[in-house]
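Protein chains get the first letters and strands the later ones, always in sequence-line order, with residue 1 at the start of each. From a predicted model like this one, the values you see are computed outputs, not experimental measurements.
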Number of protein chains: 2
Amino acid sequence: MALKHSKQREMIKAFLMERKDHPTADVVYMNVRQKYPNISLGTVYRNLTLLSELGEITRLRVGDGVDHFDADTSPHYHFVCTECGQVIDLEMESIEKITDIAGAGFDGRIAGHVTYFYGTCGNCTKPN
Amino acid sequence: MALKHSKQREMIKAFLMERKDHPTADVVYMNVRQKYPNISLGTVYRNLTLLSELGEITRLRVGDGVDHFDADTSPHYHFVCTECGQVIDLEMESIEKITDIAGAGFDGRIAGHVTYFYGTCGNCTKPN
DNA sequence: AGTAATATCAGTAACGATTACTAATTTTAT
DNA sequence: ATAAAATTAGTAATCGTTACTGATATTACT
């Protein structure tokens, strides 16, 4: 099970790192294919899963039925625009304490939380 | 487009109301079929979607790849056990203010948030 | 460098959840 | 009772994702 180097995995990671939006597997596939035309969609999925298991990227589920991926693994929150579907990073004060709030009086052990915000993004609120 | 009464929809709603867990479409299907053997899975899906559009139930996406449904539409949060997969209601102090925190300095308009907590539930932490 | 072991690949088939289609049935207003 | 329209059962199709397979690439060891 020792990990071996792979050009495909490297390119997928590199592509994700140069994007500040949060591409889906299909978007990764389309783009990496520009430089490496015969990469397979299965390879993209396999490596995205592997990279997220390794903790090198984060898998984002924002309720739109498609997984998004983020090479920025530092803790931060996301905003999903209900108009255009974009997923944007939020710069905000920590809300980590909500895990403690939820844990108060709870029987089990809370390991963490998933939170995302939704609404209308800056672009979509602009008059046109 | 006027809504017409349907026994199927009524039974789906009634079933959801008598459950305090948060069944998936398939679980609804299995159970309603006990009383109404030739209901169709498509009918279950269609009515679950319709009911949630009407605001009579809530569709829950807790990252396990399957939608769960909740007849309790009052604002509350959920806990997902990573051991047994159960989805449980949390009774906790309001954390509504996180929407304001997220909105501070944000360009667009934040309409709301989705949050769920995960970890190990009371049952699964018990020694066995 | 050459070779063997094995991780990874491309390509494609399969999968599970959900949605769309269609002709038949129910509901509701007249 | 009748007609218009919503709803249904049943099934086919869709979509994102995962699994399979024989070929290729990477690494460890001579």
Side-chain angles (χ1 to χ4, degrees), chain A residues 1-16 21-54 56-70 80 85-87 114 116, chain B residues 1-16 21-54 56-70 80 85 87 116:
Chain A
M1 251 300 179
L3 205 60
K4 283 185 184 171
H5 179 261
S6 111
K7 182 160 290 183
Q8 290 88 338
R9 184 156 59 243
E10 184 183 299
M11 294 183 79
I12 289 166
K13 177 82 183 290
F15 171 72
L16 272 182
D21 61 343
H22 309 81
T24 61
D26 205 60
V27 170
V28 173
Y29 175 54
M30 304 286 221
N31 280 272
V32 173
R33 205 162 45 156
Q34 310 277 1
K35 300 259 164 151
Y36 198 108
N38 58 345
I39 194 173
S40 158
L41 181 56
T43 297
V44 172
Y45 272 104
R46 186 167 16 79
N47 279 295
L48 287 172
T49 297
L50 178 54
L51 286 169
S52 68
E53 280 167 0
L54 294 173
E56 295 190 35
I57 66 174
T58 303
R59 183 191 298 264
L60 256 46
R61 297 207 154 122
V62 292
D64 62 354
V66 205
D67 288 357
H68 295 251
F69 296 89
D70 191 348
V80 186
Q86 268 210 83
V87 181
V114 172
Y116 61 86
Chain B
M1 251 298 180
L3 204 61
K4 283 184 184 172
H5 179 261
S6 111
K7 181 160 290 184
Q8 290 87 338
R9 182 155 58 242
E10 187 182 296
M11 294 182 81
I12 290 167
K13 176 81 183 290
F15 171 71
L16 271 182
D21 63 342
H22 308 81
T24 61
D26 205 60
V27 171
V28 173
Y29 175 56
M30 305 285 222
N31 280 274
V32 172
R33 206 162 45 155
Q34 311 276 6
K35 300 259 163 151
Y36 198 109
N38 58 345
I39 194 173
S40 158
L41 181 57
T43 297
V44 172
Y45 271 104
R46 188 169 12 81
N47 280 295
L48 287 172
T49 297
L50 178 54
L51 286 168
S52 68
E53 281 168 359
L54 294 172
E56 295 189 36
I57 65 174
T58 302
R59 184 191 298 263
L60 255 47
R61 297 207 154 123
V62 292
D64 63 354
V66 206
D67 288 359
H68 295 251
F69 296 89
D70 190 348
V80 187
V87 181
Y116 61 87

Worksheet entry | Axis deviation across the helix from dA1(C)-dT30(D) to dT30(C)-dA1(D), five-pair ends, to the nearest 10° |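 End-to-end axis angle: 30°.
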
Worksheet item: Under the side chain to side chain donor-acceptor pair (under 3.5 Å) criterion, do T49(B) and R46(B) qualify, and how do the steps go?
Response: CA-CA 5 Å; T49(B) 297; R46(B) 188 169 12 81; over 6 Å; no

Would you compute the distance between atom [atom1] of [X] and atom [atom2] of [Y] and round it to the nearest 0.5 angstrom?
{"X": "R59(B)", "Y": "H68(B)", "atom1": "CZ", "atom2": "NE2", "result": "12.0 Å"}
{"X": "E56(B)", "Y": "L16(B)", "atom1": "CD", "atom2": "CG", "result": "11.0 Å"}
{"X": "L60(A)", "Y": "Y116(A)", "atom1": "CG", "atom2": "OH", "result": "10.5 Å"}
{"X": "I39(B)", "Y": "N47(B)", "atom1": "CD1", "atom2": "CG", "result": "7.0 Å"}

Item to complete: Could you check how far CG of N38(B) sits from C1' of dT8(D), rounded to whole Å?
Response: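 One finds 10 Å between C1' of dT8(D) and CG of N38(B), rounded.
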
Worksheet item: Over how many whole Å does the gap from M11(B) atom CE to dA9(D) atom C1' extend?
Response: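 In whole Å, dA9(D) C1' lies 15 Å from M11(B) CE.
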
Item to complete: Compute both the distance and the angle, then confirm whether R33(B) meets the cation-pi test with Y36(B): under 6.0 Å from the six-membered ring centre, within 45 degrees of the axis.
Response: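 Relative to the ring axis of Y36(B), which defines the angle, R33(B) lies outside at least one limit.
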
Practice prompt. Could you pull out all residues at least two apart from Y45(A) that satisfy side-chain contact (heavy atoms from CB on, under 4.5 Å)?
Written response: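 In terms of side-chain contact (heavy atoms from CB on, under 4.5 Å), with neighbours along the sequence ignored, Y45(A) is linked to A25(A), L41(A).
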
Fill in: pair V44(A)-I12(A): side-chain heavy atoms closer than 4.5 Å
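A side-chain contact exists here, since the closest heavy-atom pair is under 4.5 Å.
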
Fill in: Phosphate OP1/OP2 of dT8(D): any N47(B) side-chain N/O under 4.0 Å
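So the side-chain polar atoms of N47(B) do come within 4.0 Å of the phosphate oxygens OP1 or OP2 of dT8(D), strictly under.
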
Practice prompt. Ignoring backbone atoms, test whether T43(A) places a side-chain nitrogen or oxygen under 4.0 Å from the OP1 or OP2 oxygen of dA10(C).
Written response: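 Answer is yes, contact under 4.0 Å.
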
Item to complete: Using a 4.0 Å heavy-atom cut-off, write out nucleotides 14-30 of chain C from 5' to 3' as B (base contacted by protein), S (sugar-phosphate only) or - (no contact).
Response: ---SBB-------BS--

Item to complete: May I ask you to say what Y29(B) touches in the nucleic acid, namely base, sugar-phosphate or nothing, with a heavy-atom cut-off under 4.0 Å?
Response: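 Touches nothing.
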
